[in-house]
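Letters go in sequence order (proteins before strands), and every chain restarts at 1.
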Number of protein chains: 2
Amino acid sequence: MSSPSNPGRGRPPRLDRARTLRTALDLLDRSGLDALTMRRLADAMEVQAGALYRYFATKQDLLTAMAERMMDGVADAAGTCDGDWSEQLAALARAMRTALLAHRDGARVFAGTHSTGENILGFADTAMGVMRAAGFPGDDAARALYTVANFTVGHTLEEQAALQAEDGGPADPDALADTVTAGAYPHLTAGLPALTSTDFTRLFEFGLDLLLEGLRSRR
Amino acid sequence: MSSPSNPGRGRPPRLDRARTLRTALDLLDRSGLDALTMRRLADAMEVQAGALYRYFATKQDLLTAMAERMMDGVADAAGTCDGDWSEQLAALARAMRTALLAHRDGARVFAGTHSTGENILGFADTAMGVMRAAGFPGDDAARALYTVANFTVGHTLEEQAALQAEDGGPADPDALADTVTAGAYPHLTAGLPALTSTDFTRLFEFGLDLLLEGLRSRR
DNA sequence: ACCTGAACACCGTTCAAGT
DNA sequence: ACCTGAACACCGTTCAAGT
C-alpha cells in the first residue's frame, strides 16, 4: 500500500481524499466543469498542483471519485418508497436525476466517468433486486437497468445543458424558436411549446413512464 | 457577411469549412476526441492553428458543425421503412445510433454540442411528423422525441465508452466482474452475463422496444 | 482576402529536492 | 511522508504583420 497514512511521525498531511473531493465539488458548483482544473483545485486547497497526484493518480481518477460521491445515498430511495416494483424503480431513477442535478455539470461528470465504487454498484444492485423480486429474469433486469440509467443520464445531460443556456447561446430556446419557424419544419412548429418548455421534471416523468409502461407489459 | 469567399481576385483559399470538417472527422476517427486539437487539425490541413479561426469562431463551433454533419441523411431512415409509425420511429432511432457509431467518440461529440442545423432539425421534424400522423398531439410527440433521442445518446455514449475500454481500464468487463463477485451484490451477480455483455445492439433494441411499447399503450 | 508568426494565458503531469 | 518548485509538452485563442 502506497496510499498516504500517518503512523505517528511527521507533520499531519494538509491533504486527504475526502477533503479534496469536497473542495472539488464546491469548485464544480461555483465554476463549472470547464473551470475545474487541477491547478485551481490546488489553489483552493492552498497547495501546489503536483501535490494532488499523491491522492489521485490522474484528473480522470478525481472525476470518477466525484461521480461516485454524487451517488451517495441514491440507492436508499428504493427503501423509502412504499409502492410496487415499478414505483420503486421510478423512485431510484428520480433519485439519480436529483443527485446529478445537485451539482453543476453533475451529469457531464457522471457520463464522463466509469466508477465501480460501492455507491453505483449499490444503486445497480438495488435496482436489480427490485426487478428480480418482481419476477424479471436477471438478464431482462440488467437490460432494463441500463435502459433506465442511460435515459436518466441522457435526459439530465440535456437538462443541465439547457439550464446553463445563456441568451443567444447554442441552447437558447428563443433562438431555436426563431430558427424553427423560419425554416420548413411544420411538425416542429406544431410542437414548439413542448419542445422549448423548461418543465424538465414533466419531460423526465413522461420518458420514465414510457419505460415503466413498457416494462409492465413485458412482465 | 464576413464569411470567406473568393470573388475572382487573390490566391484561392487553402481552407474551407467542408474540407476542414472532413479532415476533422478523419482525425477524430484516427485519434479520438481527446486528441482532436485545433493545432493537430491545423497540421493535418498544412496550415497554422490561427488560420482555422477564419472558418470556425471557436473549437465548440467546429464540434457543433461536426455533430451536424454526422446527422446527415439520418432523417431519410423514416422514408425507407415500410412499417407503421412505431417501426418508422424505431428506424429513426436506429439510424441515429448508427450515425453516432460511425465515428469514434461520435456520441461524445454529439452530446457535447447543440446544433440547430438542418440535419438535426430535419431529423426532429421527421420524427414529429411520424408521430403526429399516428395521432399523437404535438406536445406528446415532442416529449416522446426527446425521450427517444436522450435514450439513444445515453446508450451510445455508454456503448462507445465500453468499446474503447482497454484491458484494466475503467470499463473493463472482467475487472467489473471481479469487483461485483468480490462484493456483496447478489442481484448484480445474478445479472452478470447481461451486465457485461457486449451485444449492444440487443441492449439498444431492448430499451427501444420498452419505449415504443410505452408509446403504443399511451396512444 | 487569407494566412503566418508570435505571443498570451493557460493546461495535466512528473519528479528531484527540500523539510 | 508529504509537499514545493520547476520543468515538460502541450492547449485555445488573438492579432499585427506579411503576401
Taken to the nearest whole Å, CG/A:L36 to P/C:dC11 is 11 Å

The nucleotide from C:dT13, D:dC3, D:dT4 with an atom nearest the side chain of A:A49 is C:dT13

- Query: Does the side chain of B:R40 get closer than 4.0 angstrom to OP1 or OP2 of D:dC11 through an N or O atom?
  - Reply: yes

Testing D:dG12, C:dC11, D:dC2 for proximity to the side chain of B:T37, the answer is D:dG12

Decide, yes or no, whether a salt bridge links B:R108 with B:D105 under the criterion of side-chain N to carboxylate O below 4.0 Å. yes

Without hydrogens or angle criteria, can the side chains of A:H103 and A:D29 be said to hold a donor-acceptor pair below 3.5 Å? yes

In whole angstroms, the gap separating P of C:dG12 from CG of A:L62 amounts to 10 Å

If pairing means Watson-Crick or G-U wobble with both distances under 3.5 Å, then the partner of D:dA1 is C:dT19

A:R14 CZ to C:dG18 C1', in whole Å, measures 14 Å

Picking from C:dG5, D:dG12, D:dT4, the nucleotide nearest the side-chain atoms of B:Q48 would be C:dG5

The Watson-Crick or G-U wobble partner of C:dG12, with both key distances under 3.5 Å, is D:dC8

query = Considering only the P atoms, how many Å lie between D:dA9 and C:dA9, rounded to the nearest integer?
reply = 23 Å

Whole-Å distance, A:L52 CG to D:dG5 C1', equals 15 Å

Per atom distances to the B:V47 side chain, the nearest of D:dT14, C:dT4, C:dC2 is C:dT4

Q.
If the cut-off is 4.0 Å, is A:Y55 near the phosphate of D:dC2, judged by side-chain N/O to OP1 or OP2?
A. no

Considering only heavy side-chain atoms of B:L15, the closest of D:dG12, D:dC3, C:dC3 is C:dC3

Margin query: Strictly below 4.0 Å: does A:R39 bring a side-chain N or O up to OP1 or OP2 of D:dC11?
Written below: no

Practice item. Verify the contact: side-chain N or O of B:Y53 to OP1 or OP2 of C:dC3, cut-off strictly under 4.0 Å; return yes or no. Key: no

